[in-house]
Visitor: 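To start, I am sharing the structure in question, which I have written as structure tokens.
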Amino acid sequence: MEAENHTGISQFLLLGLSEDPDLQPLLFGLFLLMYLVTVLGKLLIILAVSSDSYLHTPMYFFLFNLSFVDICFTSTMVPKMLVNIQPHSKDISYTGCLTRVYFFMIFAGMDKFLPTVMAYDHFVAICHPLNYTVIMNPRLCVLLVLTSWFIIFWVSLLHLLLIMCLTFSVHTEIPNFFCDLPSLLKVSSSDTHINNIILIILYVATALLGVFPVTGILYSYSQIVSSLMRMSSNGSKYKAFSTCGSHLCVVSLYYGTSLVEYLSFILTQSSQGSTIASVMYTVVTPMLNPFIYSLRNKDVKGALGRLLSRAASCH
């Protein structure tokens, strides 16, 4: 097939999850339900944090931002995926594909930065409790979030400019249910030298957006564990552990599925394996996060209960 410059490509074809017509209605209903549960769960957390003065603290300010990012993250991909499950609606425009790649990288990057900021907040709260309100002042909290947005904005823009240097064949098929950089690299018809350069930059960016945040989280929790070991009160240890427990669960789930996705891209050529990993990373993990935060956190459960009680009394 003759290769054309990317400017001549009007659309891509997303192969989606399955071509079995009997399975498509089931997949549509399942992923629609998962998407609605994700959005509803995140919205409840956002409403609970914003409406309950007891939760107007740095920890829940970061949770508020993380919930907003997760809604944007899933909304970048899942609605288009639901449309593409239909037999005759699998195409996506070149511009639409690149736009989704850009926003996907922004929100995925924020999903790495915000848990790191939250780990730092836990570190200050447990290791420096007397200076917590001085250190984690509102100005610093806002600065940490804005700095994260600023960094990931420019990193994602660099990725987008690199993608625009790729060339694709006419009627290019993407073996996934959404547009992402690894899938586009697989189907690119660019010169191997160009692909290798972009791959190197991708690995460097992955290190910056993955290894450094993980290092920050590990350092914070190493200091937290060291501080907990010096505590004599079992009650204080339990309270500190319960504060960090939900965050650790979310971080483990997120980075675990993220690692599986990238390893499946690097080590295997199976599109089915990559698709399953992508579903876990982009759909299942954001859906589980609200349950983890609400079920393991008494403050969030209490705020959600008060929110629902107010809603019921209004009706």
Side-chain angles (χ1 to χ4, degrees), residues 11-19 23-24 26-43 65-87 89-114 152-153 155-157 159-160 163 172-187 202 205-206 209-210 250 253-262 264-265 271-290:
Q11 64 183 23
F12 295 108
L13 186 67
L14 292 170
L15 297 184
L17 298 171
S18 173
E19 296 184 0
L23 194 59
Q24 287 169 355
L26 176 62
L27 290 174
F28 181 87
L30 175 63
F31 285 101
L32 176 61
L33 177 62
M34 294 171 71
Y35 176 66
L36 293 176
V37 169
T38 301
V39 172
L40 179 61
K42 297 295 182 181
L43 284 177
N65 282 272
L66 182 62
S67 298
F68 170 75
V69 167
D70 277 344
I71 289 176
C72 297
F73 179 66
T74 54
S75 298
T76 301
M77 300 155 297
V78 178
K80 181 61 178 176
M81 179 188 73
L82 293 174
V83 173
N84 284 3
I85 288 178
Q86 308 303 317
S89 304
K90 295 184 178 296
D91 59 293
I92 182 172
S93 68
Y94 175 81
T95 303
C97 184
L98 262 62
T99 301
R100 281 173 170 79
V101 170
Y102 177 65
F103 285 107
F104 171 81
M105 288 186 292
I106 286 180
F107 298 128
M110 287 301 295
D111 265 335
K112 292 183 175 70
F113 281 7
L114 286 176
I152 197 61
F153 171 83
V155 172
S156 300
L157 184 60
H159 279 74
L160 182 65
I163 295 173
T172 297
E173 296 181 347
I174 298 176
N176 209 332
F177 62 89
F178 70 102
C179 292
D180 65 337
L181 183 54
S183 296
L184 290 177
L185 285 172
K186 279 186 176 181
V187 300
L202 173 63
T206 302
L209 298 179
V250 170
L253 186 62
Y254 179 82
Y255 277 99
T257 53
S258 177
L259 180 63
V260 169
E261 186 193 23
Y262 277 99
S264 66
F265 165 69
S271 60
Q272 184 178 5
S274 299
T275 301
I276 293 173
S278 296
V279 168
M280 292 295 298
Y281 173 62
T282 60
V283 182
V284 178
T285 299
M287 182 189 68
L288 293 178
N289 288 352

Visitor: Throw together a table of side-chain donor-acceptor distances under 3.5 angstrom for residues 29-36, partners on residues two or more places apart or in other chains.
Guide:
from	atom 1	to	atom 2	distance (Å)
Y35	OH	S75	OG	2.8

Visitor: Return the SG to NZ distance between C72 and K42, rounded to the nearest 0.5 Å.
Guide: 11.5 Å
Visitor: With L40, which residues qualify under side-chain contact (heavy atoms from CB on, under 4.5 Å), at least two apart?
Guide: L44
Visitor: Kindly compute the distance separating NE2 (H159) from CD1 (I106), expressed to the nearest 0.5 Å.
Guide: 12.0 Å
Visitor: Apply side chain to side chain donor-acceptor pair (under 3.5 Å) to S67 and list each qualifying residue two or more places apart in sequence or on a separate chain.
Guide: none
Visitor: Considering all heavy atoms of both residues, which atom of S93 and which atom of G96 are nearest to each other, and what is their separation?
Guide: OG-N, 2.9 Å
Visitor: Are any side-chain N or O atoms of T74 and backbone N or O atoms of I71, one a donor and one an acceptor, separated by less than 3.5 Å?
Guide: yes
Visitor: Would you call V283 and V78 a side-chain contact if the rule is heavy atoms closer than 4.5 Å?
Guide: yes
Visitor: When rounded to the nearest 0.5 angstrom, what distance separates CD1 in I92 from SG in C97?
Guide: 5.0 Å
Visitor: On a heavy-atom basis, which atom in L160 and which in M105 lie closest, and how many Å separate them?
Guide: N-CE, 4.2 Å
Visitor: Using ring pair (Phe, Tyr, Trp, His ring centres under 6.0 Å) as the criterion, list what pairs up with F73, not counting sequence neighbours.
Guide: F104, Y281
Visitor: Between CZ of F68 and CZ of F107, what distance do you get to the nearest 0.5 Å?
Guide: 6.0 Å
Visitor: With side chain to side chain contact (heavy atoms under 4.5 Å, CB included) as the criterion, how do I163 and L98 come out once you've worked through the C-alpha distance, each side chain's angles and the decisive distance to 0.1 Å?
Guide: CA-CA 8 Å; I163 295 173; L98 262 62; 4.0 Å; yes
Visitor: With sequence neighbours left out, what residues match D111 under salt bridge (Lys or Arg N to Asp or Glu O under 4.0 Å)?
Guide: none
Visitor: Got a sec, which residues hit side-chain contact (heavy atoms from CB on, under 4.5 Å) with V250, two or more places apart in sequence or on another chain?
Guide: N289, I292, Y293
